[in-house]
Amino acid sequence: MTYWADLHIHSRYSRATSKNLSLELLAAWAEVKGIHLLATGDCLHAAWLTAIKETLIPDGNGFFILRDPKVVAQHLPWYHGSLAGSTRFILSTEISSIYTAGGRVRKIHNLVYLPTVEAAQSLRQRLLQIGNLDADGRPILGLNSRDLLAMVLDTHPEAFLVPAHIWTPWFSLFGSKSGFDTIEECFGDLAGEVFALETGLSSDPEMNWLVSALDRFRLISNSDAHSGEKLGREANRFAGAMDFAALRGALAGTSSVAAFLGTVEFFPEEGKYHLDGHRACEVVLTPTQTRELGGICPRCGKPLTLGVLHRVYQLADRDEPQQPPEHPGFVSLIPLTELVAEVLGKGSGTQVVRDTYAHLISTFGPELPLLLEAPEADLRSFHPLLGEAIARMRRGQVLRTPGYDGIYGRIHTLTPEDRIQFGTFSPLPLKEPHRRSRQAHLTLDAQQKSALPPTIPQTLNPEQMKAIHAPGPLLVSAGPGTGKTHTLVARILALLTHGVPAHDILVLTFTRKAAQELRHRLQLHLGPGAALPRADTLHALAFAALGEQHLLLGEDEAFALFARAHPEYPASKARNLYTDLQRRRETLTAPPDPAFTSLKAQLGVIDYTDLLERWWERLRVQPSLVPHVLVDEAQDLSPLQWQLVRALSGDDGAGVFLIGDTDQSIYGFRGAAGDLEAQAKGLWPNLQTLRLTCNYRSIPTIIRAMAPFSRFPALHPVQDGKGEVRIGSFATAEHEARWIAHTIAAFVGQRSHWQMDTADTDSSMGLGEVAILVRVQSLIPPFEAALREAGVPVYRAEGDPVWSHPGVAAVVATVQQALGVETVSNAAPHPSLLEAGPRAVATWLVEQGQLVAAFLEVAALEELTERYTQAGSWKALLTQRELELANHAAYQSAQKVALLTIHAAKGLEFNTVFMPCLEEGLLPWHGSSEEEERRIFYVAMSRARQRLILTYARQRHLWGRVQRTTPSRFLVRIPQELVRPVDERTKTISRQLAFV
DNA sequence: ATGAACCGAGTTTTT
DNA sequence: CTCGGTTCAT
C-alpha cells in the first residue's frame with residue numbers, strides 16, 4: 001500500500017497559527033487533501049499533548065487515530081462528501097535551537113518524531129530542564145543540535161530527528177545567516193544518526209542533488225502548515241505498511257518492507273529568497289551572474305542579498321544535479337486554491353474561490369490525487385481554463401518569476417494574455433464534469449506483487465474499456481479527439497495492476513516528445529519513484545541496444561557520404577536518389593548499396609535507418625522478446641519498423657497493442673506504410689480491431705464537416721458547446737491575411753469589435769487558443785507579417801528559443817570557435833545530456849549536423865571531445881538550472897497565436913483554427929497524392945474544438961508571380977448546410993479594416 | 001579552373 | 001522570386 005504523509009505542521013499553540021486548529025479539524029483537512037499520515041506538531045507543548053491524549057488513541061503501530069472517527073464530519077461544513085475520519089497521526093515537534101558554536105550564533109530548526117506518548121512525556125521532562133516548552137508550540141531552546149539529537153535517541157530506540165527546511169537563511173542547518181556548511185559540523189559524532197533532511201518550500205530535490213554530501217540522506221518535504229488549508233502543500237509518498245518503524249526504516253533506507261517514494265513540491269522559485277538581488281535596485285541575478293559580478297550589485301555597488309539557490313551553489317560540488325540512484329523523484333505542484341484563484345482572477349481567500357474549491361473536491365475527490373492524476377478531459381469539462389491550468393502545471397509549463405531579497409516569487413500557469421481573455425468572465429460555470437459511463441473499479445489482483453498499485457483512470461467509455469482489456473494482438477483505431485493517449489496509458493496501468501512487471505512492458509512512440517509525455521503521465525499515475533515501463537522511440541531503443549560505438553549521422557551528413565560514395569551520380573540527381581534510397585530502405589524495397597554501406601563502415605558511422613536495420617538483424621540472431629509491446633501512432637510505422645515491432649513481440653503477437661488512425665497518416669513521404677489495419681493483419685492474421693468513435697474534442701458541426709474526409713463512419717460528438725464552421729473567400733491573398741489578422745486582433749483587443757458572432761462570449765479566441773494552419777512553411781511569413789502589423793503576438797515553431805539565452809549563446813560561440821564551424825545546430829540539447837558529460841555533448845553536437853563535415857576526416861571522437869573540452873567546459877558555461885530557467889523564460893512568450901504547418905500541428909488542439917490558402921496546388925499540394933492531402937486536410941480540421949474557419953484567396957502572389965487560383969477541391973466536400981459563410985456584416989468591418 | 005548566364009522547380013519532418 | 005545546378009565562356 002502507498003500513502004501520503006505530511007510530517008511537519010503546527011498546532012494552535014505555535015506563533016501565527018490558526019486559533020481554531022484542532023486535531024479533528026486537521027484530520028478532516030488531511031482527508032480533503034489526500035494526506036493519510038499527518039504530523040501532530042508541537043507534541044511537547046502541554047496543552048497540545050493533552051489534546052492529543054484526549055482526542056487520539058494509539059493505533060498499535062506507533063501512529064495515532066481519532067478516538068471517535070465520526071467527529072470529523074462536522075468540522076468542514078462546506079464539504080458535502082463523506083469523511084471517514086481515518087487520518088493517522090505521528091507524534092512530532094519542531095524545536096528551535098539557538099546556541100553558539102564555532103564562534104558564531106547558530107539558529108537551527110529540527111523536527112523530532114516519537115512513537116509513543118510516553119516517549120513524548122519523557123522527552124518533555126528532560127527538555128523542561130533546559131527551557132520553557134509551553135510558551136510556544138515550537139519551543140526555543142539553548143540546546144545545540146548534537147545534544148538534542150542525543151536526547152532524542154536516548155528517549156526511545158525508534159525516535160528520530162530530521163533537520164528542518166535546511167536551506168532557509170535564518171533558521172536552518174545550512175542557512176546562510178546562522179547555519180553550518182556540513183552535517184558533521186552540526187551534529188558531530190552523531191551525524192551518522194541523521195538520515196533524512198527536509199528540503200523546505202524554497203528548494204526542491206533537484207537543487208539538493210548538486211551537493212554530493214547529501215546523497216546519503218532521504219529528502220523529505222512537508223507543508224510546515226499553520227492552518228488546515230495549507231496542509232499537504234508539500235508531502236511525501238511512502239509504500240509499505242503504515243507503521244512507525246516502517247516509516248523510519250523507509251527514511252533510513254534500512255527497510256526491506258517499506259519504501260520512500262518521493263515528494264510533491266512547490267516550484268522552488270516561489271520562495272522569497274530563491275535568487276540573489278536587491279529589492280530596492282530591482283536587480284535579480286542568478287548565482288552565476290552574481291559570481292561574475294563579484295557579489296556586488298551593479299546598480300548601487302553594495303553586496304547583493306544571496307538567495308537559497310546561491311547557498312546551494314556555495315555548498316555544491318557538482319555543476320549539474322545528479323540524482324543518486326536510491327533517491328526517488330519528485331513532482332512540482334501548485335496548490336489547488338492558488339490555481340482556482342488564478343483562473344478566476346480572484347484572491348485565494350475569496351468566497352468564490354472557496355466555493356469552487358469545495359465543489360472541485362466534492363466532484364473529483366481529494367486534492368493531491370486531483371492535482372496529480374484527475375483526467376484532464378474531466379477537468380476541462382468542469383472548466384476549460386482550469387483544466388488547461390492543471391495540464392500546464394503537470395507539464396511543468398509554468399511561468400516562474402523567481403523570488404529574491406524577500407520578494408516572493410510567482411508561479412503562474414496563465415499568461416497576461418490569458419488573463420485579458422479570461423479575466424472578465426463569470427466565475428466557473430459550476431457544471432458537473434461530463435459523465436462518461438463509469439465502470440466498476442477494477443478489483444486488485446490478490447497476488448498482485450507491485451509495491452505500488454496504480455489506479456486505472458475511472459473515466460473510460462465502454463469502447464475505451466474494451467480497448468484496455470481485449471487480448472492482443474489488438475489494433476485500436478482511434479480517430480482524432482477520441483482519447484488515444486488516455487486509452488494507451490490506461491491499458492498500461494491495467495497491465496501493471498494485473499501484476500505485469502514494468503520491465504515486461506515496452507511502449508513505442510514516434511517522437512521523443514511523445515515518449516517523454518507518456519513517461520510523465522505514467523509517473524503521475526504511479527507516483528514518484530515507481531518503476532516505469534520503458535517508453536521510447538524505436539531509434540532510441542536501437543541506439544541503446546547496439547551500444548554507442550558508432551557516430552550517428554545527421555541527415556545532411558548521411559547525404560554527404562552518400563554523394564561521396566557515388567561520384568557517378570550527377571549532383572542534381574543525387575539528393576533525390578538519396579531520399580529515394582532511404583525511403584526504400586524504410587519500406588524494405590531497396591536494393592543493396594555496397595558503396596554507401598562500405599563507406600559508412602569504413603568511417604565507423606551509421607545513419608538513422610542503419611540503427612533500425614542493425615537492430616533488426618541483431619534481433620533475428622538473438623531474439624529478445626518483450627511480453628507486452630504497445631505502439632502509439634501506429635499509422636506512422638514504416639515496414640522496417642513493423643518488422644522490428646514484430647521481432648520484439650513475437651509471431652503470435654499476444655502482447656501486441658497498436659493504437660493509431662489511418663486517417664491521420666500524413667507521413668507517407670517518410671515511408672509510413674499506408675493502411676494500418678492491412679499492415680497489422682499482414683503480420684498477425686488473428687489481429688482483432690476495435691474502433692474508438694467518441695470524439696471529446698470538437699463540437700458536432702465540426703465533426704460533421706470532417707466526416708467526408710475520413711474513411712470511417714462519422715465520430716460521435718461528446719462536446720455540445722457552441723461554435724461554427726465558416727468558409728471565406730477573398731479577392732487576394734493580402735486581403736485574406738489581413739482579414740484573419742484583424743479578426744484576431746479585433747477580438748483580442750476589444751471584444752466589442754468582434755462581430756463574427758454577436759452571441760459569442762466563450763473562450764474560443766483567447767490568445768494561445770488560436771492557430772493558423774498552413775500546408776507549407778513558405779505560406780507562414782505573410783501571415784506573420786499581417787499579425788504583427790495588427791499587433792498580435794505570434795508563435796512560430798522554429799528552433800527552440802532557448803538558443804537566445806545568453807548562456808547558451810556563449811556555449812555555442814565557444815564551440816563554433818573551437819571547432820572552426822559557422823553553425824552548430826538549431827536543436828536544443830536535452831538537459832540529461834548535460835549531466836552525461838562532454839563526451840555525450842560532443843556526440844550530440846556531431847549528431848546535430850554541420851560538425852561532421854569538419855570532423856569526419858579526423859573521425860576520432862576523442863579528438864573532438866578533447867578539442868571541445870579545451871575550449872572550455874560546457875558545465876562551466878551553463879548549468880542545467882539556468883538552461884531550465886531559459887526554457888521557462890522562453891515559454892513565457894509560447895501563449896501566442898500559433899502559426900504552424902499542419903504537420904507540426906498534429907497532436908495539438910485549439911479552440912479556433914484558421915485554415916487559409918485552401919487553393920488547388922497548395923492544399924492539395926500539386927504533385928502530392930490526393931489521398932495523402934485528404935488526410936492532411938482532415939488532420940487540420942480535427943485540431944479545432946469550437947471554431948473552424950476555412951479561407952482561400954482568388955489571387956495569390958506565389959513564386960514571384962501573381963497567379964489566379966481556384967478553390968481547393970476539398971472545400972466542396974464539406975456539407976454546405978453546416979457552413980456559415982463569412983457574411984456581409986463581417987465583411988463590412990473587414991473592409992473598413994483591411995479591404996482597399 | 002573559375003565565373004556569368006541560364007534554367008526549372010518550389011512539401012511535409014523525425015530519428 | 002530564389003536557390004541550386006548546369007552550361008558555356010573565359
Side-chain angles (χ1 to χ4, degrees), chain A residues 508-516 536-546 548 550-559 563 569-577 579 582-583 585-586 605-615 632-633 635-638 640-641 644 664-672 733 773-782 797-800 825-828 830 843-844 846-849 900-907 917 919-940 956-963:
Chain A
L508 301 175
T509 64
F510 256 75
T511 63
R512 285 183 303 190
K513 201 175 148 204
Q516 212 182 335
D536 230 322
T537 64
L538 276 171
H539 294 87
L541 292 164
F543 194 69
L546 296 173
E548 299 178 18
H550 297 288
L551 279 187
L552 187 56
L553 294 175
E555 202 62 28
D556 289 346
E557 293 70 47
F559 168 64
Y569 292 158
S572 56
K573 307 249 172 68
R575 189 97 218 185
N576 284 342
L577 286 166
T579 45
Q582 296 299 71
R583 186 170 53 245
R585 287 170 74 195
E586 288 286 341
V605 295
I606 55 175
D607 62 27
Y608 281 106
T609 308
D610 284 317
L611 279 176
L612 303 183
E613 288 173 347
R614 290 186 184 213
W615 194 28
D632 191 19
E633 303 277 19
Q635 78 280 0
D636 289 334
L637 287 172
S638 70
L640 173 59
Q641 293 167 332
L644 269 170
Q664 292 183 74
S665 166
I666 58 173
Y667 286 101
F669 67 93
R670 245 164 42 188
L773 305 182
V774 292
R775 176 65 177 83
V776 293
Q777 299 271 9
S778 62
L779 292 170
I780 290 179
E798 50 194 350
D800 196 307
S825 160
N826 212 21
H830 190 274
T843 310
W844 172 76
V846 172
E847 279 171 32
Q848 292 305 310
L900 304 169
T901 64
I902 296 167
H903 285 83
K906 195 177 170 223
C917 314
E919 293 136 39
E920 283 294 301
L922 292 177
L923 185 53
W925 184 262
H926 63 86
S928 177
S929 82
E930 179 162 327
E931 270 298 279
E932 180 105 344
E933 298 299 305
R934 180 214 96 206
R935 294 189 291 259
I936 291 170
F937 202 92
Y938 182 69
V939 166
R956 182 175 300 277
H957 194 80
L958 204 57
W959 301 322
R961 211 182 331 193
V962 174
Q963 316 216 354

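In what follows, chains are A, B, ... by sequence order, proteins preceding strands, each numbered from 1. What's counted below: heavy atoms across the whole structure, side chains too, no hydrogens, waters or symmetry copies.
- Considering all non-hydrogen atoms of both residues, A/Phe510 and A/Asp632 come closest at CD1-O, 4.0 Å.
- Boundaries of the chain A contact region on DNA chain C are C/dC1 to C/dT6, first to last in 5' to 3' order (nucleotide atom under 4.0 Å from a heavy atom).
- Going from the C1' atom of B/dT13 to that of C/dT2 covers 22 Å, rounded to whole Å.
- Along DNA chain B, read 5' to 3', the first and last nucleotides having any atom under 4.0 Å from a heavy atom of chain A are B/dG10 to B/dT15.
- For the pair A/Trp615 and A/Leu538, the minimum side-chain heavy-atom distance is below 4.5 Å.
- Partners of A/Phe669 according to the side chain to side chain contact (heavy atoms under 4.5 Å, CB included) rule, which considers only residues two or more places apart in sequence or in another chain, are A/Tyr667, A/His903, A/Glu932.
- For A/Arg670, the salt bridge (Lys or Arg N to Asp or Glu O under 4.0 Å) test picks out no residue, with sequence neighbours left out.
- Residue A/Phe669 is in base contact, counting any heavy-atom pair closer than 4.0 Å across all strands shown.
- In this view, A/Phe937 and A/Phe709, A/Phe970 satisfy the ring-ring contact (aromatic ring centres under 6.0 Å, His included) rule, not counting sequence neighbours.
- For A/Glu920, the salt bridge (Lys or Arg N to Asp or Glu O under 4.0 Å) partners are A/Arg969, not counting sequence neighbours.
- Rounded to whole Å, the P atom of B/dT11 lies 12 Å from the corresponding atom of C/dG4.
- When side chains are defined from C-beta on, A/Glu930 does not count as touching A/Pro924, because their heavy atoms never get closer than 4.5 Å.
- At a threshold of 4.0 angstrom between heavy atoms, the contacts of A/Arg961 with the nucleic acid are absent.
- Side-chain contact check for A/Thr511 versus A/Lys906: every heavy-atom pair is 4.5 Å or farther apart.
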